[in-house]
Structure formats: C-alpha cells, structure tokens
Amino acid sequence: MSAHYTPQPRKPLPEGFLTALRSLFGDRLQMGEAIRLQHGSSEAHFRPSLPDAVVFPLSTEEVVALVKLCSAAQVPVIPFGAGTSIEGNTIPVRGGVTVDLSRMDAILEVHAEDFDCTVQAGVRREQLNEHLRDMGLFFPIDPGANATLGGMAATRASGTNAVRYGTMREAILSLRVVTPDGKDIRTSRRARKSAAGYDLTRLMIGSEGTLGIITEVTLRLHGIPEAISSAVCSFETLEGAVDTVVQAIQIGVPLARVEILDDTQMRAVNRWSRLDYPELTTLFFEFHGSHTYVEEQVRTVEEIAGMNGGGQFRWSNLPEERSKLWKARHEAYYAAVNMRPGAVGWATDVCVPISRLAQCIIETKQDLETSSVPGTILGHVGDGNFHVVFSVDPTVPEEMVEVEAINERLVRRALAMDGTCTGEHGIGLGKQDWLVEELGDAVRMMRLIKQAIDPHDLFNPGKIFVREG
Ligand SMILES: Cc1cc2nc3c(=O)[nH]c(=O)nc-3n(C[C@H](O)[C@H](O)[C@H](O)COP(=O)(O)OP(=O)(O)OC[C@H]3O[C@@H](n4cnc5c(N)ncnc54)[C@H](O)[C@@H]3O)c2cc1C
C-alpha cells in the first residue's frame with residue numbers, strides 16, 4: 001500500500017458546482033495545473049494525484065459554506081496546511097477540492113496570564129513564536145518543518161521538544177472545527193482541564209482531516225526559560241549514545257531536546273551543510289532552566305556521556321553558538337534525501353518504549369548496512385522515536401521494493417517491542433496496513449466513528465484506512 005497506493009475512482013464534478021464555488025471564493029478558487037500539482041504532491045515518495053480545484057478560505061464561515069456545498073454535491077474535501085506531512089496525508093486520491101488554510105493566519109488571542117492563545121489554523125509555528133517572544137512566552141512543539149498549527153493538530157505532531165513539553169496531544173486545549181455536516185463546533189473551553197463528556201478535542205487531534213476541518217486552535221504556552229544551553233557529543237558506538245540518553249532520563253535529567261544522528265547521517269550533513277563534525281553517531285542536546293540548574297544538567301550528562309564512550313562534549317549558552325551547534329540537526333532531513341542527486345525522501349517513523357530503544361536502533365542499523373539504497377538514522381531518542389530516511393529513486397521499482405522490505409522489518413521490530421508504527425507522522429497513505437497490525441479490532445471502532453461523522457466518506461477519503469464497501 002505505502003508506495004504504490006491504489007488510485008480510487010474519481011467522479012466528474014457535478015454541473016454547476018464550479019460556478020457555485022466561484023461565486024463563494026472568486027479568484028481564491030484556483031484550478032491551474034501548477035497549483036493543483038503543488039497540492040497533489042507531497043514531501044515524500046508518493047505518486048501525485050491532483051485535486052480538481054484548490055480554494056483559500058479566509059474565515060470559518062467560508063469553510064462552513066464550502067463544506068455545505070461539497071456535501072450537497074458529494075465532492076471530496078481535503079484540508080491542507082503547509083503540505084509538509086510525509087505519509088502522503090494530503091494527496092487527494094479521489095480528486096475533489098483541496099482547502100488550503102494558509103490564509104487563515106491570524107493570531108486571535110493571547111492570554112499571557114493563563115499561558116494560552118487561540119490562533120487560526122493556518123498560523124505557522126515560527127510565526128507564532130515570533131509573535132510571543134516579546135511577551136516572554138513560547139510554543140514548544142517543533143516538528144522541524146515550519147508547519148501550520150492546524151496541520152500539526154491534525155497529525156498529532158511532535159518533534160524535538162516533545163521529551164520535555166509533550167506532543168500536540170498535550171499542547172491543545174480546544175479546537176474549532178467545521179464538521180462534515182457543515183456545523184461549526186468548539187470541542188472544549190479554555191479551562192486547563194475538563195471532564196465534560198467525550199473528549200472530542202483528542203478525537204480530532206491526529207484525525208488527519210478525515211473528521212472535520214480545524215479552523216481555530218487553542219494552545220498551551222510556556223515561559224521562555226531563563227537559560228538555555230545546547231551541547232553536541234559524538235560516540236564511538238550507537239549503543240553508547242542511546243545508553244547515555246536512557247541513563248540521563250532514568251536519573252531524572254529533564255532534557256528539553258535530545259536528538260540522535262548516526263554516522264551516515266553525519267556524513268550527509270557534513271556534505272550538505274559544509275560542516276566538519278566527526279562522522280560518528282552524535283547526540284544533540286538542549287537544556288532549559290535557571291542558569292545554575294542548566295549548568296548542573298550539562299555537567300551530569302557530560303559525565304554520563306563520558307562513561308558511555310562519548311568524545312568531546314561541546315556546549316554553549318550563547319544563541320549564535322547554539323544555532324551553530326544545532327545546524328546539522330536542523331538540516332538533517334534534506335541532507336539525507338540529497339545524498340543522491342534527483343532522489344526523493346522516504347522517511348520511516350517508529351516509536352518504542354525507551355528501554356527497548358537501543359536494541360531497536362542497533363538491529364535497524366545492521367539491516368541498513370546490507371541495503372543498496374542509502375538510509376540514515378535520526379530521531380527524537382528521548383521519546384524512543386526515530387526515523388530512517390532513505391534517499392530513494394522512485395522510478396526504480398527494485399529500490400522501492402527493497403526499502404519497503406526494510407520498512408516492514410523495522411515496523412515489525414517496533415511492534416514486537418510494544419511500540420508503534422508511527423510516533424508522529426501519522427498513518428496517511430503509507431502506514432495503513434500497519435495500523436491494523438498494531439491495533440487490530442480497535443481499527444473497527446475508528447471506522448465506526450468515521451462512518452458516523454462522515455457517512456459519505458468525503459473528508460480526506462482514503463487516508464488512515466480505506467472505507468469498506
Ligand atoms: C523536514 C521535515 C521534518 C519533519 N519533522 C517532523 C517532526 O520532527 N515531527 C513531526 O511530527 N513531523 C515532522 N514532519 C512532518 C510534518 O511537518 C508534520 O506532519 C506537520 O504536522 C504537518 O503540518 P502541515 O501544516 O504541513 O500539514 P499538511 O501536510 O498540510 O497536512 C497534514 C494532514 O493534516 C490535515 N490537515 C491540515 N490542516 C488541517 C486542518 N486545518 N484541519 C484538518 N485537517 C488538516 C491534512 O488533510 C493532512 O491529512 C517533518 C516534515 C519535514 C518536511
């Protein structure tokens with residue numbers, strides 16, 4: 001299923017539909033080949049499938065009107081944020097209308113005293129953090145890409161800060177959602193906790209556009225820490241690096257970020273970003289807290305690293321030095337993809353209990369050593385979450401088969417350790433078989449929920465699972 005998803009039958013748009021759509025959106029309805037290709041392709045290896053049209057709403061009211069129109073005409077609706085998802089999540093496999101929320105980018109309210117804010121779904125995380133900086137606040141979830149908050153909610157994204165601050169699941173207080181029957185609902189109030197009925201907020205988080213269009217997101221915020229330090233350390237062995245992280249967490253060091261890059265990945269970043277790091281498995285750390293507490297954390301982790309074969313522990317609390325130290329990590333994905341000219345990325349994403357992480361990564365590394373397709377390991381090791389990024393040529397079927405087989409072994413390995421087939425990228429098109437293997441009959445309940453909320457299967461059809469019958 002993953003690489004070569006089965007195209008689904010498309011129906012021609014009903015007569016009069018486009019005229020009605022044009023009267024709602026004017027020139028914010030776009031049908032040119034380039035814009036449809038941009039919204040029908042993805043960051044990864046999936047074959048494109050174009051929407052019939054792309055619209056750019058400006059308000060929740062416009063989204064309601066659009067949903068009512070599409071529902072009456074039985075036309076699929078595909079929500080779209082920044083298009084950075086990597087499991088083919090936004091590809092309109094049955095055509096229809098892609099709803100690009102990027103122009104709904106207003107920061108509506110910041111309640112500094114309550115540490116929360118409400119934003120339109122198209123606000124990007126960097127934009128939000130720039131807005132918050134002068135108030136001494138920040139929003140910690142960082143999936144690397146400059147994604148929208150709506151897209152991050154819909155994929156239950158996380159990233160480098162999750163080890164300390166959690167994922168989108170913990171970060172969201174409430175959502176405003178337009179449902180497939182055209183209702184404009186709020187899933188919760190702004191209160192920090194609530195026991196009021198079913199938890200619709202969490203039902204929507206990670207629903208990948210299949211249950212509704214998120215138009216507003218209310219988020220928890222954090223105070224910018226008094227001190228931040230970054231550190232980088234290379235290790236003689238993969239095992240030594242992973243053991244360092246596990247031991248640091250086990251003794252209670254509150255790591256804010258800890259990322260692993262294997263030797264192949266370090267070679268790729270040195271080439272791509274013109275750096276000169278040792279080409280060994282490397283850990284990138286960030287520590288938050290008061291000046292003395294941060295220094296204490298740095299010293300503790302340096303000592304643990306030393307006991308596990310870590311080399312020089314380079315650290316700094318100066319912003320420009322910190323950016324330099326993290327440069328390799330920030331450019332890692334594109335460095336890996338571009339190991340071969342003209343290749344595309346195929347990024348896997350498993351997560352296992354932290355006590356099983358070393359074994360899972362080491363077995364995966366052994367598997368990669370026999371692969372003819374270059375692949376690197378990088379990950380958010382503090383959560384037990386890591387990726388293999390392959391630099392694959394999708395026009396060579398043997399390569400796709402080989403990567404699929406490695407991916408399969410990796411997912412089976414993670415599931416056997418009571419892990420998951422996706423820590424953060426979602427199911428999209430790529431992980432559908434694995435969802436069933438992981439959760440069995442629980443997927444039946446997901447299907448019943450989908451059937452109840454979107455009976456005509458119009459919202460991002462073909463994602464998470466293909467509707468039966
Ligand atoms: C270089 C790189 C690094 C990455 N690193 C990470 C990482 O560390 N952690 C991580 O979690 N992810 C990572 N990702 C994946 C990606 O950034 C996340 O999946 C992100 O959350 C997607 O947000 P987006 O705005 O781009 O959403 P899109 O890609 O546009 O959409 C993603 C899904 O959400 C749905 N959707 C979008 N907006 C809405 C909405 N308003 N309402 C309802 N449904 C909606 C879409 O239909 C689709 O199913 C990375 C991607 C890249 C390219």
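Positions are given from 1, in the same order as the sequence printed here. Counting starts at 1 for both ligands and their atoms, in listed order.
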Point to revise | Side chain, backbone, both or neither: Ala121 near ligand 1, heavy atoms under 4.0 Å | key: side chain
Exercise for review: Can you label the angle between the Phe390 ring and the Trp346 ring as parallel, tilted or perpendicular, going by 30° and 60°?
Suggested key: perpendicular
**Study point:** Glu43 N/O to ligand 1 N/O under 3.5 Å
**Key:** no
**Study point:** Protein heavy atom at shortest distance from atom 51 (C) of ligand 1
**Key:** Thr84 O, 3.3 Å
Study note, to complete from the structure: If you scan protein heavy atoms around atom 42 (N) of ligand 1, the nearest is Ile214 N, 2.9 Å
Check your understanding: Is the shortest distance from a heavy atom of Gly345 to ligand 1 less than 4.0 Å?
Key -> no
Exercise for review: List the closest protein heavy-atom neighbour of atom 31 (O) of ligand 1: residue, atom name, distance to the nearest 0.1 Å.
Suggested key: Thr90 CG2, 3.3 Å
Exercise for review: Flag His387 as yes when one of its N or O atoms lies below 3.5 Å from any N or O atom of ligand 1, and as no otherwise.
Suggested key: no
**Study point:** Side-chain donor-acceptor pair present, Arg356, Gln359, cut-off under 3.5 Å
**Key:** yes
Practice item. State whether the shortest distance between N or O atoms of Ile213 and N or O atoms of ligand 1 falls below 3.5 angstrom. Key: no
Review point. What are the two closest non-hydrogen atoms of Met417 and Pro353, and how far apart are they?
Key: O-CD, 3.2 Å
Review point. Any side-chain donor paired with an acceptor under 3.5 Å for Thr160 and Arg329?
Key: no
**Study point:** atom 2 (C) of ligand 1: the protein heavy-atom neighbour that sits closest, reported with distance to 0.1 Å
**Key:** Ala145 CB, 4.1 Å
Revision key, fill the gap. The protein heavy atom nearest to atom 36 (N) of ligand 1 is Ala154 CB, 3.6 Å
Review point. In terms of the angle between their ring planes, are Phe285 and Phe287 parallel, tilted or perpendicular, with boundaries placed at 30° and 60°?
Key: parallel
Check your understanding: Do other residues, nucleotides or ligands put more than 12 heavy atoms under 6.0 Å from Arg444 CZ?
Key -> no
Check your understanding: Please state which protein non-hydrogen atom is closest to atom 11 (O) of ligand 1 and give its distance, to 0.1 Å?
Key -> Ser158 N, 3.0 Å
Exercise for review: Tell me which one of Glu424, Lys463, His425 gets a heavy atom nearest to atom 9 (N) of ligand 1.
Suggested key: Glu424
Check your understanding: If you count the atoms of ligand 1 from 1 in the order shown, which ones are under 4.0 Å from a heavy atom of Leu101?
Key -> 40 (C), 41 (N)
Check your understanding: With the threshold set at 4.0 Å, does a side-chain nitrogen-carboxylate oxygen contact exist between Arg28 and Glu62?
Key -> yes
**Study point:** atom 47 (O) of ligand 1: nearest protein contact (heavy atom, Å)
**Key:** Pro79 O, 2.6 Å
Exercise for review: Could you tell me whether Arg257 and Asp142 have a side-chain N and a carboxylate O separated by less than 4.0 Å?
Suggested key: yes
Exercise for review: Could you check Thr60 against Met104 for side-chain contact (heavy atoms from CB on, under 4.5 Å), going step by step and ending with a plain yes or no?
Suggested key: CA-CA 9 Å; Thr60 301; Met104 288 182 61; 4.2 Å; yes
Revision key, fill the gap. When distances are taken from atom 28 (P) of ligand 1, the protein heavy atom at minimum range is Gly83 N, 3.5 Å
Practice item. Only heavy atoms count here, so choose which of Gly144, Ala336, Gly151, Pro143 is nearest to atom 50 (C) of ligand 1. Key: Pro143
Point to revise | Contact check, His380 vs ligand 1, heavy-atom distance below 4.0 Å | key: yes
Review point. Going by the angle between their ring planes, with limits at 30° and 60°, are His425 and His387 parallel, tilted or perpendicular?
Key: parallel
